[in-house]
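All remarks here apply to the structure that follows.
Start at 1 with the first residue, then count along the sequence.
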Amino acid sequence: MAQATRTPGPGTTIEDANAVELIAVADKSANVTASWKQVDRPGHVVVVTTLGTIGGSVTGFDIEIIGADDSSGTNPVSYGYFDKIVPADANETRYLEMVVHKPYLTAVATYAGSGAVVVGVKVHAIAHKARSETRTA
């Protein structure tokens, strides 16, 4: 008999299950300002942008990652940009590794041209291997 569960199912890695989604994967054909999301992990993270189909008339799609002290965007700081996205970049996955010091993040995408860009942006924690400083003998 199957058991009901709220945990990630088979084939879902814990990294993906715990990722914070800044921009849901969907067609975008205008500027995008994602809502502020609490990342609960100031520290070392990697932001992953997944690209799908990109319309041939898209002349640019720039994504900036911004941090803040709270969900209203107090004291914003830019953590950087992904490389400019153009039609030749379709079906790529891009990574932006950073150390964040703010508990809230958002993604802001600036769109140019016409047509749609299929894009999604997620934040993943980077696990560090713990090392014990205790010694035996």
- Message: What's the separation between atom CD1 in I54 and atom CD in E92, rounded to the nearest 0.5 Å?
- Response: 7.5 Å
- Task: For Y79 and M98, work out which heavy atoms get closest and say how close.
- Result: CB-SD, 3.4 Å
- V123, L51: one ILVMFWY side-chain cluster at the under-4.5 Å cut-off? yes
- Message: For D83, give me all partners under side chain to side chain contact (heavy atoms under 4.5 Å, CB included), at least two apart in sequence or on another chain.
- Response: R94
- Not counting sequence neighbours, which residues clear side-chain hydrogen bond (donor to acceptor under 3.5 Å, both in side chains) with E21? List them please. none
- Going hydrophobic residue to hydrophobic residue with side-chain gaps under 4.5 angstrom, can you get from I66 over to L96? no
- Flag yes if I85 and L22 sit in one hydrophobic cluster, no otherwise; membership is Ile, Leu, Val, Met, Phe, Trp, Tyr, and two members link when side-chain heavy atoms are under 4.5 Å apart. yes
- Message: Show me the pairs that pass side-chain hydrogen bond (donor to acceptor under 3.5 Å, both in side chains) and involve residues 45-65, at least two apart or across chains.
- Response: E64-S78, E64-Y81
- Looking only at heavy atoms, what is the nearest atom pair of T93 and V48, with distance? CG2-CG1, 3.6 Å
- Message: As a test of understanding, state which of V47, V20, V46 forms a side-chain contact (heavy atoms from CB on, under 4.5 Å) with H124.
- Response: V46
- According to the side-chain hydrogen bond (donor to acceptor under 3.5 Å, both in side chains) rule, which pairs have a member within residues 23-35, sequence neighbours left out? none
- Answer yes or no: is there a side-chain heavy-atom contact under 4.5 Å between L105 and V100? yes
- Message: Using the rule that Ile, Leu, Val, Met, Phe, Trp and Tyr join whenever any side-chain heavy atoms are under 4.5 Å apart, tell me whether V121 and Y104 fall into a single cluster.
- Response: no
- Task: Kindly write out the residues that satisfy salt bridge (charged side-chain N to carboxylate O under 4.0 Å, His left out) with D69, not counting sequence neighbours, or none if the list is empty.
- Result: K102
- Query: Does V86 sit in a hydrophobic cluster with other residues, and if so which ones, taking ILVMFWY side chains as linked at heavy-atom separations under 4.5 Å, directly or through other members?
  - Reply: none
- Tell me, please, which residues at least two apart from A68 pass side chain to side chain contact (heavy atoms under 4.5 Å, CB included). W36
- Path from V39 to V77 over hydrophobic side-chain contacts below 4.5 Å: yes
I'd like a table of donor-acceptor pairs (distance under 3.5 Å, sequence neighbours excluded) in which one partner is a side-chain atom from residues 107-119, with atom names and distances.
from	atom 1	to	atom 2	distance (Å)
Y111	OH	S114	N	3.4
Y111	OH	G115	N	3.0
Y111	OH	G115	O	2.4

- Task: Specify the closest pair of heavy atoms between K84 and G60, including all atoms of both residues, with the distance to one decimal.
- Result: CE-CA, 3.5 Å
- Query: Excluding sequence neighbours, so at least two apart, what forms side chain to side chain contact (heavy atoms under 4.5 Å, CB included) with S72?
  - Reply: D70, T74
